[in-house]
Amino acid sequence: MNYLDDNDDLIDALSAGIAERMADIHAPEDMASEAREIARRRTTTRALGVGLPALAVVGAVGALVVTSGSSRTAATGAVHGVGPHAPALPSTAQDVAYVVRRVRARLAVAASSRGVVLSTLNKTSYPVYRSVTYFNPRTQIFYQTDTAHTRRGRELYANVDADIPVGNHMHFRGLTINYSDHTWAQGESVASGPFQQHPAPATRPLPPDALSPPSAIEKALSSHLATQVGTTKIDGIPVLVLTGRAGQDHITLYVDAQTYQPLRETDDARGKFHLDTVTNVLPATAANIARAKTAPKIPPGYTRRSPTS
Amino acid sequence: LRRLRSRRAGFEEFAAAHGDSLVKLAFAVGGDRHRAEDVGQEVLARVYQRWWGLDDPLAYARRIVINATYDDRRRVIREDRAMQELGRQAVPALQHPQERLTDRGALMAALDDLPPRQRAVIVLRYGSGLSEAQTAATLEISIGTVKSQTARALARMREALASEPVTNLETA
């Protein structure tokens, strides 16, 4: 029979052909555990998207430092150490020029969009985490500093910054200073993408957050995704107090009453893992960006910890 | 902690049940084995990150597989253009040259030559066995669009095959 004339035969042949092609394709055995590791490492980005507190970000930085120096292959996909195990980078002058062009293009976009600075305080319990994050949603430029304070005082400082994604790779650098055991560690890693310019759409609508543009605030109010529960003032500016719920997480958003620009977000996650955080949205001035980017000096006498220890 | 353990257990179960099929889907749509493994891992990472917010993790995972392969295609096209500008030979996006030697290979080559969305519809419908409604939900398009894309894809494949010296799949 000539299958060109019959859709059913063509479809049968397609099903058989696709099945044959896929027959010897299998997921690598360690794919799930690798995926979990990648997910932990990406908590920094996730924290910006859904409002997780600095606690998780510190964990991600820890993972970043600990895994530095590993040398997984490109085929398994994920994170490469830098230095002796650096990932294969383009070797010809033309390739380098191409990459440089792309980076410059991204930087030009960055210059036209200043992004935001978020100052977050997780006040649930000791240790109290404070973080300052600079994030540009359009370019993915990202800097963050975290400090953990216990009852005894400052115990941990962590700083991470991530370059603009180039192709499928994003370069992270991290520094941690442990004030309790007088050690410090520094690490670098390259995470593989794809990295999207904007967060992937959620499967269910989420209430607006500190990164939402004013247009999204208006839309959320008209669609009852957020509800106005009152008014107040922040630094003398009249603000609307909005609330929204994402699962068990309760979000309160304070937006400028005239512009709808978010100024503050408080998150109260009432699941088994209770978290209470306050995030202030600051203008992306050079001084505020520096707060997210600048690492403190390592105190004299501190010993360097191996990234793998 | 129980909540975290429950996420891990649920995720492990999900990955064991669907990891293979997601990598196979990525390979069927994208055509690169190593990249398919990367995509599978990427998809599982995203599922793990969003575990609590997903009503249907499998549908979400399939959608991310398709989107990742779209992104790959766009990236390959962009990079090919850049390479061409530099006077270098572009690398073919899909790599099944050996299949072209067989009749079924010609059919699969015709599949590879389809535009990305049509190829995704065909693979989801006839490779993954999804219904029109499931395919529509995965690709976030209407059922009508699934029907029209399917019809166009089959017609396009028949047209491509008509120019090949192939008459009977039994010889494959």
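Residue numbering restarts at 1 for every chain, and letters A, B, ... go by the order of the sequence lines.
- Between the B:Asp20 side chain and the A:His26 main chain, no donor and acceptor come within less than 3.5 Å of each other.
- Remark: the backbone N or O of B:Ala153 is not paired with any side-chain donor or acceptor of B:Arg119 at under 3.5 angstrom.
- For B:Gly129 against B:Gln134, the heavy-atom pair with the smallest separation is O-OE1, 4.5 Å.
- The contact between B:Leu25 and chain A is made entirely by backbone atoms, counting heavy-atom distances below 4.5 Å.
- Looking at B:Phe14, there are no atoms closer than 4.5 Å to chain A (heavy atoms on both sides), in backbone or side chain.
- Taking every heavy atom of both residues into account, B:Lys24 and A:Ala23 meet most closely at NZ-O, 3.6 Å.
- Contacts of B:Glu13 classified as side chain to side chain contact (heavy atoms under 4.5 Å, CB included), with partners at least two apart in sequence or in another chain: none.
- Heavy atoms of A:Ala32 lying under 4.5 Å from chain B belong to its backbone as well as its side chain.
- A:Thr243 places no side-chain N or O within donor-acceptor distance of the main-chain N or O of A:Thr252, the cut-off being under 3.5 Å.
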Could you walk me through whether B:Asp56 and B:Arg63 pass the salt bridge (Lys or Arg N to Asp or Glu O under 4.0 Å) test, one step at a time?
CA-CA 11 Å; B:Asp56 184 347; B:Arg63 186 157 52 244; over 6 Å; no
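- Among residues 142-152 of chain B, no residue has any heavy atom closer than 4.5 Å to a heavy atom of chain A.
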